[in-house]
Amino acid sequence: MIKRLARCIREYKLASILAPLFILGEAAMEVLIPTLMADLIDYGIELGDMDFVLLAAGKLLICALVSLACGFASAYFAAKAGTGFGANLRHDIFYRVQDFSFSNIDKFSTSSLVTRLTTDVTNVQSAYMMIIRGAIRSPALLIFSIIMAARIRPSMCIIYLCAVPVLGVCIYFLMSRTHPIMEKVFKTYDKLNRVVAENLHGIRVVKSFVREEHEKDKFNSVSDEIYQGFVKGEKRIILNQPIMMGVVYGCLLLVSWFGARAIVASGNNPDLGMTTGQLTSMFTYTIQILSALMMLSMIFMMIVISRASMERIDEVLREEPDLHSPENALTQVPDGSVKFEDVSFRYSKSAERDALSHIDLDIHSGETIGILGGTGSAKSTLVQLIPRLYDVTEGRILVGGHDVRDYDLKTLRDNVAMVLQKNVLFSGTIRENLRWGNADATDEEIVRVCRLAQADGFIRSFPDGYNTKIEQGGTNVSGGQKQRLCIARALLKNPKILILDDSTSAVDMHTDALLRQALRSELPHVTKLIIAQRVASVEDADRVIVLDGGQIAGFDTPEELMKTNAIYREVAASQKKGGE
């Protein structure tokens with residue numbers, strides 16, 4: 001895990017090295033200052049030697065300025081390294097997600113990925129900044145201070161050597177008790193993000209059903225769960241403070257006791273005693289030593305909090321995409337023919353049954369194929385295998401006479417345009433949304449596909465036409481308008497295969513008929529697969545696939561299916577009766 005996260009440092013390695021180096025300089029100056037202060041007291045103030053006082057004061061000023069400069073430089077480089085590390089983490093997570101197949105994405109919820117990109121990255125970034133500063137400064141200050149204190153009075157170093165194990169045991173105990181709690185808290189953050197996202201996405205439904213109070217209760221429940229988790233974790237973390245302060249004051253009392261006795265003893269035997277300046281220095285070194293230990297304990301606590309975040313980020317980074325372009329991949333799709341050869345598919349190895357079982361189809365280039373079936377009959381699953389959004393479990397699918405697994409993924413998906421059930425428009429103008437299909441499309445090409453999709457009319461009715469701003473999620477256009485814009489966007493790819501996954505469900509019958517007629521007459525060489533709930537939407541198709549429970553119940557012309565297929569005949573009859 002550490003190796004994977006460390007790769008995200010990249011171009012900030014120099015800053016990550018310079019920050020600790022300047023920290024060492026700052027720590028060295030801080031340790032040197034108490035010794036200079038002892039000399040100032042013992043050889044300057046007590047003896048009344050003003051020349052020595054001025055010389056010592058000058059040295060102290062230089063040390064303070066050097067310490068200040070080193071501290072400023074270390075803070076600058078630590079901030080640069082930390083924020084850069086965080087930016088690279090977000091970059092790597094986001095880019096990794098873009099490479100995921102649908103099966104990879106199914107392992108993580110949207111809310112969980114959002115939490116990992118925001119809260120978790122912030123936690124790890126803060127921990128990294130603290131590590132490259134505090135994890136170097138504290139041990140350096142600790143070691144330097146103990147060495148300097150030993151030079152003054154070696155016997156008194158036993159006090160520090162006794163204090164360190166006590167603190168180490170306490171910190172380990174607190175860390176082992178806190179980590180599981182924080183791990184649970186960050187999982188609850190995923191739940192909170194999901195609740196908020198669902199509420200904002202479905203706010204119109206919430207208001208239409210007057211469920212605001214229910215949503216508030218749901219939010220408060222999750223928010224309180226996070227609160228309780230943090231309180232439980234913080235109760236353990238804050239124990240660190242009184243333990244540290246108890247050890248600090250205990251050491252100061254012991255130093256005061258033994259130091260005072262040493263000063264009194266120096267009257268009888270100066271070689272065995274201590275001077276006032278030396279005792280002052282010992283106080284300073286004691287505070288520095290214990291402050292360094294306190295800082296180390298805080299760093300360990302921060303690592304405990306961020307460890308759960310590190311593990312969650314690492315989980316995304318180590319997830320390997322299921323789908324890859326093969327070596328020497330094909331970069332040309334000859335035509336829009338599609339062939340299924342004994343294809344079976346299940347979404348996961350642990351699934352109890354196949355979503356599709358033993359599918360055999362032979363679709364010619366340029367054909368219009370309708371797909372009918374009840375809810376859960378795997379209509380969407382069938383078409384999602386063609387652009388290789390998932391890989392088949394058994395058998396193979398041929399597009400243009402070649403196995404889809406032999407194609408470069410970008411090439412295959414550029415030639416298979418798909419309008420999904422859940423139509424998505426992005427923030428920006430209508431023109432910008434349409435150019436997702438082809439970034440270099442001219443205005444003439446945009447207008448042409450919009451006319452084919454029966455969208456040009458309503459677009460021109462807007463005051464700003466094609467420059468009309470689309471709000472987030474496309475909330476300022478109707479469902480039928482959104483569907484037609486998504487179809488136009490797909491047509492702009494100039495694909496060899498066009499898949500419409502129930503993409504005209506919000507369009508009226510007349511517009512639907514005009515759209516189908518335009519596709520047939522204007523795109524004769526494009527293979528068109530149309531999933532529909534209405535028989536009327538597929539009655540002019542060349543052939544119709546009838547799916548039932550993940551298996552093909554019929555594949556023939558609409559006329560023949562009406563004669564031979566009970567499912568098709570029943571659906572047609574029920575819709576006709578409902579229409580009457």
Side-chain angles (χ1 to χ4, degrees), residues 200-209 368 370 414 416-495 497-526 528-541 575 578-579:
L200 295 177
H201 185 70
I203 192 66
R204 287 171 172 77
V205 178
V206 172
K207 290 188 176 296
S208 64
F209 281 87
T368 298
D414 275 343
V416 181
M418 190 168 183
V419 183
L420 299 169
Q421 275 182 316
K422 295 181 180 180
N423 299 290
V424 177
L425 293 175
F426 299 90
S427 301
T429 65
I430 289 178
R431 181 178 278 103
E432 288 169 347
N433 267 275
L434 293 173
R435 281 193 170 134
W436 273 66
N438 180 0
D440 301 320
T442 64
D443 288 345
E444 291 75 15
E445 290 172 325
I446 290 173
V447 171
R448 174 180 171 273
V449 296
C450 286
R451 285 174 178 166
L452 289 176
Q454 309 303 307
D456 182 66
F458 77 77
I459 293 173
R460 293 187 184 278
S461 69
F462 295 142
D464 295 324
Y466 284 84
N467 292 319
T468 299
K469 291 282 186 181
I470 297 292
E471 294 178 5
Q472 185 178 6
T475 54
N476 59 330
V477 291
S478 69
Q481 291 171 339
K482 187 189 296 185
Q483 286 184 335
R484 282 176 278 171
L485 287 172
C486 290
I487 292 171
R489 183 174 62 190
L491 292 175
L492 204 56
K493 292 177 70 174
N494 193 25
I497 300 172
L498 175 65
I499 299 172
L500 303 180
D501 187 357
D502 200 18
S503 304
T504 58
S505 57
V507 175
D508 63 84
M509 297 285 285
H510 176 65
T511 304
D512 185 21
L514 291 175
L515 174 60
R516 285 184 281 112
Q517 177 58 37
L519 295 178
R520 175 178 286 275
S521 60
E522 297 294 330
L523 304 172
H525 302 297
V526 175
K528 296 164 283 292
L529 303 177
I530 303 173
I531 295 177
Q533 300 294 337
R534 300 185 297 225
V535 171
S537 296
V538 297
E539 61 186 4
D540 58 351
Q575 291 184 4

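Numbers here are sequence positions counted from 1.
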- Message: If we ignore hydrogens and angles and just use 3.5 Å, is the side chain of Arg484 paired with the main-chain N or O of Ala455 as donor and acceptor?
- Response: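 No; zero donor-acceptor contacts below 3.5 Å.
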- Message: So does Leu425 get a backbone contact from the side chain of Asn433, meaning a donor-acceptor N/O pair under 3.5 Å?
- Response: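 No, the answer is negative, given that no donor and acceptor are paired below the 3.5 Å cut-off.
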Please examine the side chains of [Y] and [X], heavy atoms only from C-beta on, and report whether any two atoms are closer than 4.5 Å.
{"X": "Val447", "Y": "Ile459", "result": "no"}
{"X": "Arg451", "Y": "Glu522", "result": "no"}
{"X": "Asn438", "Y": "Asn494", "result": "no"}
{"X": "Ile446", "Y": "Arg431", "result": "yes"}

- Message: If I compare all heavy atoms of Ala536 with all of Met509, which pair ends up nearest, and what's the gap?
- Response: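 That closest heavy-atom pairing would be CB-CE, 3.6 Å.
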If I take atom [atom1] from residue [X] and atom [atom2] from residue [Y], how far apart are they, to the nearest 0.5 angstrom?
{"X": "Phe426", "Y": "Arg489", "atom1": "CZ", "atom2": "CZ", "value": "6.0 Å"}
{"X": "Leu452", "Y": "Leu515", "atom1": "CG", "atom2": "CG", "value": "8.5 Å"}
{"X": "Leu485", "Y": "Trp436", "atom1": "CG", "atom2": "CH2", "value": "14.5 Å"}
{"X": "Glu432", "Y": "Lys469", "atom1": "CD", "atom2": "NZ", "value": "5.5 Å"}
{"X": "Leu529", "Y": "Thr368", "atom1": "CG", "atom2": "OG1", "value": "9.0 Å"}

- Query: Which residues satisfy the salt bridge (charged side-chain N to carboxylate O under 4.0 Å, His left out) test with Asp501, sequence neighbours excluded?
  - Reply: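 In terms of salt bridge (charged side-chain N to carboxylate O under 4.0 Å, His left out), with neighbours along the sequence ignored, Asp501 is linked to no residue.
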- Task: Identify, with sequence neighbours excluded, every residue that meets salt bridge (charged side-chain N to carboxylate O under 4.0 Å, His left out) alongside Arg448.
- Result: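 For Arg448 there are no salt bridge (charged side-chain N to carboxylate O under 4.0 Å, His left out) partners, ignoring immediate neighbours.
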Quick one: list whatever passes side-chain contact (heavy atoms from CB on, under 4.5 Å) with [X], sequence neighbours left out.
{"X": "Val526", "answer": "Leu498, Leu523, Lys528"}
{"X": "Asp540", "answer": "Arg516"}
{"X": "Val419", "answer": "Asn423, Cys486, Ile487, Ala490, Leu500, Ser503"}

- With respect to Tyr466, which candidate in Thr429, Asp456, Asp443 satisfies the side chain to side chain donor-acceptor pair (under 3.5 Å) definition?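 So, applying the side chain to side chain donor-acceptor pair (under 3.5 Å) to Tyr466 and each of Thr429, Asp456, Asp443, only Asp456 qualifies.
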- In a check of side chain to side chain contact (heavy atoms under 4.5 Å, CB included) between Glu445 and each of Leu492, Leu491, Asp440, Leu434, which one passes?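 One option only clears the test, and that one is Leu492.
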- Task: Under the side-chain contact (heavy atoms from CB on, under 4.5 Å) rule, what do Arg534 and Asp512 come out as? Steps first, then yes or no, please.
- Result: CA-CA 11 Å; Arg534 300 185 297 225; Asp512 185 21; 3.1 Å; yes
- Query: What pairs with Asp508 under side chain to side chain donor-acceptor pair (under 3.5 Å), at least two apart in sequence or on another chain?
  - Reply: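 Result, side chain to side chain donor-acceptor pair (under 3.5 Å) vs Asp508: Thr511.
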